[in-house]
Each structure stands twice: as structure tokens, then as C-alpha cells.
Amino acid sequence: YNYTLISTGNQNYTGASVTHFVEINKTLSQCFMTFNPVTPIAYGTQVNVSCGCTNMELSPNLWRNGTNVDSEDDTFVTLGAGDYDYVCNVSATANYTGATNSSVYTVTPIAPALTLTGLPTWTQNFGTTTNVTCVANTSQISPILYRNGTNVGLSDVTMLGAGFYNYTCDSVATQNY
């Protein structure tokens, strides 16, 4: 800004002027994020991410992996297992600088609960039909039943000869399990 004082003078004084330049700098903005709970968390646990900036002229923006998620600011959400790049930012305005804060948030996969069931019981006499099943606590995985190392599908309904049989219930890893 340029301020100039001009005096035209009078019968006793000559005219004069004084000029002063005033510079007003932009205020530095800062952005911050709060994660509740802190990283890492296990799949199925909700997270609340809050984004705020000191720029009083614009609202901050919250981004996850390059997608605007302003609607999730300060809201609990459930994310799939993986690493998430969060950014909280605000643009520069006439009176404030722009600012950015970034952080990686990690959601770890969890182990599924697999149940192996043998009917009528695990010990039988020869001549009895048995039904062995393998089930999981989630539809996100497909359990696999093995008898003596051979895949027999989800269940094994059969009459076996006398002997010992090793049944294993297994699953293939997915994003969340």
C-alpha cells in the first residue's frame, strides 16, 4: 500500500509531501489431521479422520488416495485392509497462504474364523456315513476342505474305510482376511 500525505502550504509554509509504503504479508496457513484411533487398525474397526486448517477464509479439503472425502471429515467410516494416503489441504487466498498436511493410514487384514465339523462325531465305526464340513465366519472368503491333503470341496459326505483321516479347513487370503 502507498500512503502519501500532501500539504499545499500556506502563507507561512511551503508545500510538502511525505510517502510511506506499507506491506502486509499473507498469514501462513497450517493444516492438521487427527486420526481416531491411531494407525494401524485391524479390518472392521472404524476410523474417524478430522481435517482442519488455520486459513479463516476457506474450508479445508480432505482427500483419500486422491479422491475428495470431505463428507467423511470427522465421521467414523469402515475401510478395507490396505494403506491409505490422506491429505488435508487449503488453497491460498488474498490474506492466507495455502497449506497441506499428509499422512498414511494402515488397515491390516484379520484372520477369518474357520469351523471344521464332523458328524455324527469325529470317531465312528466302519460302515457309518460321515459328513465333514468347513465353514467361514464371513462371505468374503471361500473355505476349502482337505482330506489327507486332497481338496474335497466344502463338505465330505462319505463312508470311509477303517483308519485315520486328516481333515484340514483352509482359506485363501483376500484383501480383508
Side-chain angles (χ1 to χ4, degrees), residues 29-54 58-91 98-177:
S29 295
Q30 291 182 317
C31 292
F32 54 89
M33 283 186 291
T34 305
F35 294 91
N36 179 22
V38 298
T39 189
I41 60 171
Y43 170 71
T45 303
Q46 291 193 318
V47 61
N48 180 321
V49 183
S50 298
C51 167
C53 298
T54 58
L58 282 180
S59 296
N61 292 303
L62 180 63
W63 305 84
R64 182 178 59 237
N65 293 346
T67 300
N68 184 288
V69 290
D70 287 345
S71 64
E72 296 177 7
D73 189 3
D74 203 23
T75 302
F76 279 95
V77 295
T78 302
L79 301 172
D83 290 328
Y84 296 91
D85 295 317
Y86 274 94
V87 174
C88 175
N89 67 4
V90 68
S91 298
T100 298
N101 185 318
S102 62
S103 186
V104 175
Y105 196 81
T106 301
V107 180
T108 59
I110 60 174
L114 300 175
T115 303
L116 190 59
T117 305
L119 296 174
T121 65
W122 284 107
T123 302
Q124 293 300 315
N125 291 324
F126 173 74
T128 303
T129 299
T130 59
N131 181 2
V132 178
T133 58
C134 171
V135 295
N137 67 329
T138 176
S139 62
Q140 291 187 33
I141 63 164
S142 298
I144 305 165
L145 179 64
Y146 295 92
R147 179 178 12 104
N148 294 341
T150 301
N151 182 340
V152 293
L154 293 177
S155 67
D156 186 27
V157 179
T158 188
M159 185 182 303
L160 297 168
F164 291 96
Y165 298 90
N166 178 11
Y167 281 95
T168 303
C169 183
D170 200 0
S171 67
V172 176
T174 64
Q175 176 186 357
N176 299 319
Y177 290 90

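- Between the CG atom in N166 and the OG1 atom in T150 there is a gap of 10.5 Å [rounded to 0.5 Å].
- Looking only at side-chain heavy atoms (C-beta outward), I110 and Y177 come within less than 4.5 Å of each other.
- Within the 4.5 Å cutoff, side-chain heavy atoms of I141 are placed close to those of L114.
- Rounded to the nearest 0.5 angstrom, T174 OG1 and Q140 CD are separated by 6.0 Å.
- Looking only at distances, a side-chain donor or acceptor of T130 sits under 3.5 Å from a matching main-chain atom of T158.
- Classified by interplanar angle (parallel below 30°, tilted 30° to 60°, perpendicular above 60°), the ring pair Y105/F35 is parallel.
- The shortest heavy-atom contact between M33 and Y86 is CE-O, 3.7 Å.
- In this structure the side chain of N48 reaches within 4.5 angstrom of the side chain of D74, judged on heavy atoms.
- The two residues V87 and S102 come nearest to each other via the heavy atoms CG2-CB, 3.9 Å.
- In this structure, OH in Y146 is found 13.5 Å from CG in N148, a value given to the nearest 0.5 Å.
- For the pair D85 (side chain) and V104 (backbone), a donor-acceptor distance under 3.5 Å is absent.
- Pairing each heavy atom of P60 with each of D70, the nearest pair is O-OD1, 4.1 Å.
- Residue W63 comes nearest to N89 through the heavy atom pair NE1-OD1, 3.2 Å, listed as atom of the first residue, atom of the second, then distance.
- N176 places a side-chain N or O within 3.5 Å of a backbone atom of A81 that can act as its donor or acceptor partner.
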Is there a side-chain contact (heavy atoms from CB on, under 4.5 Å) between L79 and I41 once you walk through the steps?
CA-CA 10 Å; L79 301 172; I41 60 171; over 6 Å; no
Take T54 and V90, measure what side-chain contact (heavy atoms from CB on, under 4.5 Å) needs, and give me the verdict at the end.
CA-CA 9 Å; T54 58; V90 68; over 6 Å; no
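- The two atoms that bring S155 and T133 nearest to each other are CB-CG2, 3.6 Å, heavy atoms only.
- Within the 4.5 Å cutoff, the side chain of V49 has no heavy atoms near those of the R64 side chain.
- Closest approach of D73 and L62 over heavy atoms only: CA-CD2, 3.9 Å.
- Note that SG of C134 is 8.0 Å distant from CD1 of I144, once rounded to the nearest 0.5 Å.
- Annotation: Q175, atom CD; neighbour count of heavy atoms from other residues, nucleotides and ligands within 6.0 Å is above 12.
- Considering CG of N151 and CG of L154, their distance stands at 8.5 Å, rounded to 0.5 Å.
- In this structure, Y167 OH and L116 CG are separated by 9.0 Å, a value rounded to the nearest 0.5 Å.
- Between C88 and C31, the sulfur-to-sulfur (SG-SG) separation does not fall under 2.5 Å.
- The backbone N or O of T106 sits less than 3.5 Å from a side-chain atom of T39, completing a donor-acceptor pair.
- Counting heavy atoms from C-beta on, the side chains of V135 and T117 never come closer than 4.5 Å.
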